[in-house]
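Quick caveat, the model's predicted, so the values are computed rather than measured. For this chain, numbers begin at 1 and follow the sequence in order.
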Amino acid sequence: MIQDEKDRLIAFFDVESNWCRGLDAVDADGNAVHYDDDTAVSWDIVGGLCHLFGWKRACKLFEPMSRHFAKRRHLATAFQPNTEMVAMSALFDFNDDDETTHELFMDRLRGLPVWHGRSAPAQNVDSGSETAH
C-alpha cells in the first residue's frame, strides 16, 4: 500500500456511516448492493477497497492488509492456492467480528504500514467489473 491509498482509505472510512458490516456494500435502505453500485452508501473493508481502487488492485492489497488487520500470517499451501481469497476472507472476518468497532477499525487503518520504495508498486486499478464475493 502506498501513502496515497492509505490516506484515501482513512478519509473514506473516517465517516462512520461509510462503514458497514456483513455485506460488501449497502444502499440507503440497508439492502445489499455491489461495491460499485451507484446507490451504495456504505461499504465493508473489502467492498471499500474494491470501490476505491478496483478489483485488481484490491486483490493485491488483501494479503498485506489482512496480516495487519487480523494480526496473523496467511500461509500459502497446496490446500490454499489462492492466497488473495484467503486474505480477503480474513478481512471479512475482522470487519464482521462482533468485537470490531468503528474505532478499532480506524485504529487499524491508521496503523497500516506504507510502501517506501524508490517507485510505487504497480497499481492495476480497474473499473471493478469483477465481483468480490
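Counting heavy atoms from C-beta outward, N31 and V26 have side chains that stay 4.5 Å or more apart. H51 is not listed as a side-chain neighbour of D24, based on a closest heavy-atom distance of 4.5 Å or more. You'll find the side chain of F92 stays beyond 4.5 Å of the side chain of I45, heavy atoms only. Side-chain contact between L9 and M65: present, with at least one pair of heavy atoms (C-beta onward) separated by less than 4.5 Å.
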Derivation of the side-chain hydrogen bond (donor to acceptor under 3.5 Å, both in side chains) call for W19 and N95
CA-CA 9 Å; W19 179 61; N95 189 93; 2.7 Å; yes

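For the pair S66 (side chain) and F62 (backbone), a donor-acceptor distance under 3.5 Å is present.
In this structure, K60 does not pair ionically with E84, as no charged nitrogen and carboxylate oxygen lie closer than 4.0 Å.
When the side chain to side chain donor-acceptor pair (under 3.5 Å) test is applied to Q3, the partners found at least two apart in sequence or on another chain are D7. For the salt bridge (Lys or Arg N to Asp or Glu O under 4.0 Å) test, no residue two or more places apart in sequence or in another chain qualifies with D37.
Sparse packing is recorded around CG of D38, with 12 or fewer heavy atoms of other residues, nucleotides or ligands lying under 6.0 Å away.
Between W43 and F12, the distance separating the two ring centers is shorter than 6.0 angstrom.
The shortest heavy-atom contact between H102 and D14 is CE1-O, 3.7 Å.
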